[in-house]
Amino acid sequence: MKKSLFVLIASVGFLASCTMSYPGIATGNEIVKSGTASRKVFMGIAIKPVDLSIEKAAKSGGITRVATVDYSVKRGLFFTTYKVEVTGN
């Protein structure tokens, strides 16, 4: 009984989290700085408007010329985190 309960809890723990990441844009600009825009959402409900634009991520890092953009989504049991990372000069 205890072993079955442990296997069940371990299985839920392993399946509860998933991270997906993929590149969006790549240019020939020099990489000097990086900036991010991210948002954590509870059970798919965003209370405030969510701005995950490339412009916001670039502005947070002081970037005027974008070199690369990477998108990632990390899903948990209750929370999902969306992130845009921009590098450039």
Side-chain angles (χ1 to χ4, degrees):
M1 177 66 181
K2 289 182 181 180
K3 187 175 183 177
S4 299
L5 183 61
F6 174 74
V7 170
L8 177 67
I9 291 172
S11 298
V12 170
F14 286 122
L15 297 174
S17 180
C18 175
T19 301
M20 296 174 14
S21 180
Y22 53 95
I25 299 173
T27 64
N29 293 331
E30 184 180 9
I31 298 175
V32 178
K33 305 173 190 175
S34 68
T36 60
S38 64
R39 176 67 184 209
K40 191 178 226 183
V41 178
F42 178 70
M43 296 192 68
I45 301 169
I47 296 172
K48 297 186 219 174
V50 179
D51 181 15
L52 295 174
S53 64
I54 295 171
E55 181 181 0
K56 181 180 178 185
K59 195 178 285 186
S60 76
I63 298 169
T64 55
R65 286 187 244 154
V66 175
T68 64
V69 178
D70 294 318
Y71 301 95
S72 66
V73 178
K74 182 178 181 182
R75 292 193 171 109
L77 191 58
F78 297 109
F79 291 98
T80 303
T81 303
Y82 300 93
K83 182 179 175 184
V84 177
E85 184 174 357
V86 176
T87 60
N89 188 5

### Taking every non-hydrogen atom, the tightest pair across Ala37 and Ala57
N-CB, 3.8 Å
### Query
Would you say the side chain of Val73 lies within less than 4.5 Å of the side chain of Thr80, judging by non-hydrogen atoms?
yes
### Query
Who pairs with Tyr22 by side-chain contact (heavy atoms from CB on, under 4.5 Å), at least two apart in sequence or on another chain?
Tyr71
### Asn29 and Asn89, any side-chain heavy atoms less than 4.5 Å apart
no
### Task
Begin with the C-alpha distance, continue with both residues' side-chain angles, and end with the deciding distance and a verdict on side chain to side chain contact (heavy atoms under 4.5 Å, CB included) for Val69 and Val84.
CA-CA 7 Å; Val69 178; Val84 177; 4.0 Å; yes
#### Entry: Residue pairs, two or more places apart or on separate chains, that pass side-chain hydrogen bond (donor to acceptor under 3.5 Å, both in side chains) and touch residues 33-43
none
### Task
Say whether Ile54 and Leu52 are linked into one hydrophobic cluster, either directly or through other cluster members, by side-chain heavy-atom distances under 4.5 angstrom.
yes
### Message
Going by side-chain hydrogen bond (donor to acceptor under 3.5 Å, both in side chains), name the pairs with one or both residues in residues 52-69, residues two or more places apart or in two chains.
### Response
Asp51-Ser53, Thr68-Thr87
### Summary
Hits for side-chain hydrogen bond (donor to acceptor under 3.5 Å, both in side chains) against Ser72, two or more places apart or cross-chain, chain-then-number order -> none
### Query
What residue pairs, at least two apart or across chains, pass ring-ring contact (aromatic ring centres under 6.0 Å, His included) with a residue in residues 24-58?
Phe42-Phe79
